[in-house]
Amino acid sequence: MSNTTTTPAGRRIAALLDAGSFVEIGGAVTARTTDFSMQEKDTPADGVITGYGVIEGNLVYVYSQDASVLKGAIGEMHARKIANIYDMAMKMGAPVIGLLDCAGMRLQEATDALNAAGTLYSRQVMASGVIPQITAVFGSCGGGLSMVPAIADFTFMEENAKLFVNSPNTIPGNDIKKCDTSAASFQSSRSGLVDGVGSEAEILENIRTLVCMIPANNEDNDAYEECTDDLNRLCENLAGTAEDSASALALLSDNYLFFETKKDYAKEMVTGFIRLNGMTVGAVANRSKIYDEDGGLVKEYDGSLTVGGCRKASRFVKFCDAFGIPVLTLTNVTGLEASRRAEKNLAREMAALTAAFADATVPKVNVITGKAYGSAYVAMNSKAVGADMVYAWPTAEIGMMEADMAAKIMYPEADAAALKEKAEAYKALQSSPLSAARRGYVDTIIEPEETRKYIIGAFEMLFTKREERPSKKHGTV
């Protein structure tokens, strides 16, 4: 790696890639501007190390910003080197990984730096949906460069790193001591920009795991490995974990592997990758409770579909569809979030989620594990919006709303005894999984412990699925 092992930027690359596999490109490049006596400053590699290597044998392209050179600020040649890495990655069909530590755009280069940044954004947009883009923030990533992780598919952040558009203290009415909008905790839990937070070593290991789970590009889905788990394994405790769907997905996956994305954001919706018979599957699931390792209740949700949950799920489904990754949903949703804050954006975000599922042509399987009420149920990969196979547990409830509430609305003058009778009748006629199955909205009613073998069989059956969409440039939802 020439002399790059002496810098944090170089050491991160060495830790990320398989030992000895990194090949540097453009190591002799330096800044070429002479304004403000820039020619007198030493700018080795112009502040960014670029090249390629392998992760578990998978080809990847990498750039790592060097904060020891002008604080990692981006200039003309700096951006040109990254753009060149993108051009090569697009030709080869391999992911791009960016390790960010940057003070922003280089003031000494002004419009050259701005144009360079715009060139980088353009390369990222052209690569979106063609090759995976992964970024990790170490140190600082501010101003216009915050768009780089925003455009990327997955972003990780070191615990003490800073990611921001505007510095916290420049925001009117904000004080960094009260609300650090640049902190990893804010960007992961409140903005939803960051998929995972951890130490440098943890982040690099997460990137290695992710690269091995997702396809290298949108044409060659090679995200498979040999399955050493029992395909017919019964998940005895699955029904007990249904409310905490992250645990349920781990139980369903080969060897209990579950890679969760945006773990700290909109926790009432779970997204991530599992393996079924060695094949990577994207998972989306409603969550109403979170338990700790000892089974203690940590957090409880009302089971509604939220703005953040819709936003989180829709982008994840779009990624899966772009890269040919099948999608599994575990549906357990009682309705829609009801608040003034939610009302501003809920219809728009629920429309985006519905559109993501309806547009997706990859194999789609839905398992209704609990309640599935109203428009929220429809949006969650229902048969109506394109699920190829829909399963339901015997205890599932599918319909417009809870039977008790429906009875009260339909029979407002009835007494308590009559309402109870009407609710039971409504539940049998309209809300039971058998009722939905008779109408063709559920394909099969299955026992919870048999869920794994059923969904593996469904995805194997759907492996050769082909589905056309109307010819158009793109949708506008």
Side-chain angles (χ1 to χ4, degrees), residues 209 213 223-261 263 267-298 300-301 303 313 316 320 325-333 363-372 380-381 387-398 432-434 436-437 442-463:
T209 300
M213 289 198 77
Y224 300 91
E225 66 175 22
E226 182 181 356
C227 178
T228 57
D229 201 350
D230 182 0
L231 302 186
N232 296 310
R233 170 169 58 83
L234 297 179
C235 302
E236 299 289 353
N237 300 319
L238 188 61
T241 63
E243 292 175 313
D244 191 350
S245 50
S247 298
L249 290 167
L251 281 175
L252 290 169
S253 182
D254 295 350
N255 303 117
Y256 310 101
L257 173 64
F258 175 47
F259 188 95
E260 188 171 357
T261 61
K263 185 175 182 179
K267 292 183 178 182
E268 66 278 1
M269 182 74 79
V270 176
T271 59
F273 299 106
I274 63 175
R275 285 199 189 273
L276 295 173
N277 193 15
M279 175 175 61
T280 296
V281 172
V284 177
N286 307 114
R287 176 163 58 185
S288 55
K289 292 181 180 178
I290 300 177
Y291 295 98
D292 59 23
E293 293 180 356
D294 299 321
L297 182 63
V298 175
E300 189 169 5
Y301 303 94
F316 182 79
C320 290
I325 302 172
V327 175
L328 167 70
T329 49
L330 302 183
T331 299
N332 183 12
V333 63
K364 294 173 288 187
V365 174
N366 186 13
V367 181
I368 302 174
T369 62
K371 296 177 180 179
M380 278 295 297
N381 192 28
D388 299 296
M389 291 293 294
V390 177
Y391 298 107
W393 291 355
T395 54
E397 300 174 28
I398 308 163
S432 71
L434 181 59
V442 168
D443 293 297
T444 309
I445 299 171
I446 62 175
E447 294 299 324
E449 61 269 20
E450 296 183 331
T451 302
R452 172 175 160 83
K453 71 176 184 179
Y454 271 98
I455 59 177
I456 286 176
F459 282 120
E460 286 184 345
M461 178 271 292
L462 293 165
F463 185 76

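No hydrogens, no waters, no symmetry mates; every other heavy atom, side chains included, goes into these values. Along the sequence shown, residues are numbered consecutively beginning with 1. Because the structure is a prediction, the values reported are computed rather than measured.
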Trainee: Of all the heavy-atom pairs spanning A392 and I398, show the shortest one and how long it is.
Mentor: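 Closest heavy-atom pair between A392 and I398: CB-CD1, 4.3 Å.
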Trainee: Take V365 and T329 through the side chain to side chain contact (heavy atoms under 4.5 Å, CB included) test and state the conclusion after the steps.
Mentor: CA-CA 6 Å; V365 174; T329 49; over 6 Å; no
Trainee: Can you list everything that forms a ring pair (Phe, Tyr, Trp, His ring centres under 6.0 Å) with Y454? Sequence neighbours excluded, please.
Mentor: Y391
Trainee: For N255 and L257, indicate whether the former's side chain and the latter's backbone hold a donor-acceptor pair under 3.5 Å.
Mentor: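 No, because the side chain of N255 does not come within donor-acceptor range (under 3.5 Å) of the backbone of L257.
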Trainee: To the nearest 0.5 Å, what is the distance between CD1 on I456 and CG on N277?
Mentor: 6.0 Å
Trainee: So which atom in V327 and which in C320 form the shortest heavy-atom distance, rounded to 0.1 Å?
Mentor: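 Closest heavy-atom pair between V327 and C320: CG2-CB, 3.7 Å.
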Trainee: Drop me the distance from L252's CG to L276's CG, to the nearest 0.5 angstrom.
Mentor: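 Between L252 CG and L276 CG, I get 7.0 Å after rounding to 0.5 Å.
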Trainee: For E243, enumerate each residue passing the side-chain contact (heavy atoms from CB on, under 4.5 Å) test, keeping only those at least two apart in sequence or located in another chain.
Mentor: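 Expected list: S288, K289, Y291.
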Trainee: Contact between V284 and M380 at the side-chain level, heavy atoms closer than 4.5 Å - yes or no?
Mentor: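 Side-chain contact under 4.5 Å: yes.
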Trainee: Mind listing the closest non-hydrogen atom pair of T280 and M213 along with its distance?
Mentor: OG1-O, 2.6 Å
Trainee: For a quick test of reading the model, state the closest non-hydrogen atom pair linking P326 to F459 and the distance between them.
Mentor: CB-CE2, 3.5 Å
Trainee: If you measure from CD1 on I455 to CD1 on I446, what distance do you get to the nearest 0.5 Å?
Mentor: 8.0 Å
Trainee: Does M269 offer a backbone N or O that forms a donor-acceptor pair with the side chain of N286 under 3.5 Å?
Mentor: no
Trainee: Could you tell me whether the side chains of R287 and S245 share a donor-acceptor contact shorter than 3.5 Å?
Mentor: no
Trainee: By side-chain contact (heavy atoms from CB on, under 4.5 Å), which residues pair with D294, not counting sequence neighbours?
Mentor: D292
Trainee: Does T261 reach the side chain of F316, with side-chain heavy atoms less than 4.5 Å apart?
Mentor: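 Yes, at least one pair of side-chain atoms sits under 4.5 Å.
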Trainee: Rounded to the nearest 0.5 Å, how far does CD of E260 lie from NZ of K267?
Mentor: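 Going from the NZ atom of K267 to the CD atom of E260 covers 9.0 Å.
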Trainee: With D443, which residues qualify under side-chain contact (heavy atoms from CB on, under 4.5 Å), at least two apart?
Mentor: K383, M389, V390
Trainee: Go through the steps for F273 and V281 under the test side chain to side chain contact (heavy atoms under 4.5 Å, CB included), then give the verdict.
Mentor: CA-CA 6 Å; F273 299 106; V281 172; over 6 Å; no
Trainee: Can you check side chain to side chain contact (heavy atoms under 4.5 Å, CB included) on I368 and E397, steps first, answer last?
Mentor: CA-CA 8 Å; I368 302 174; E397 300 174 28; over 6 Å; no
Trainee: To check you understand the geometry: which heavy-atom pair defines the closest contact between A246 and F258, and what is its length?
Mentor: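 Looking at all heavy atoms of both residues, the closest pair is O-CD2, 3.8 Å.
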Trainee: Taking the side chain as every heavy atom from C-beta outward, state whether F259 and I274 have any atom pair closer than 4.5 Å.
Mentor: no
Trainee: Show the numbers, then the answer: is there a side chain to side chain donor-acceptor pair (under 3.5 Å) between D254 and T228?
Mentor: CA-CA 8 Å; D254 295 350; T228 57; over 6 Å; no
Trainee: Could you pull out all residues at least two apart from T241 that satisfy side-chain contact (heavy atoms from CB on, under 4.5 Å)?
Mentor: L238, S247, A248, L251
Trainee: Return each pair, listed once, that meets salt bridge (charged side-chain N to carboxylate O under 4.0 Å, His left out) where at least one residue sits in residues 453-462; pairs must be two or more places apart or across chains.
Mentor: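 Residue pairs with at least one partner in residues 453-462: E450-K453.
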Trainee: Quick check for you: to the nearest 0.5 Å, what is the distance between L328 atom CG and N366 atom CG?
Mentor: 8.0 Å
Trainee: Which atom names give the shortest non-hydrogen contact between I290 and D244, and what distance separates them?
Mentor: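 Reported closest heavy-atom pair: CA-OD2, 3.6 Å.
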Trainee: Is the backbone N or O of P448 less than 3.5 Å from a side-chain atom of T451, with the two atoms forming a donor-acceptor pair by type?
Mentor: yes
Trainee: One thing to verify: whether D229 and R452 come together as a salt bridge, which I'm taking to mean a side-chain N less than 4.0 angstrom from a carboxylate O.
Mentor: yes
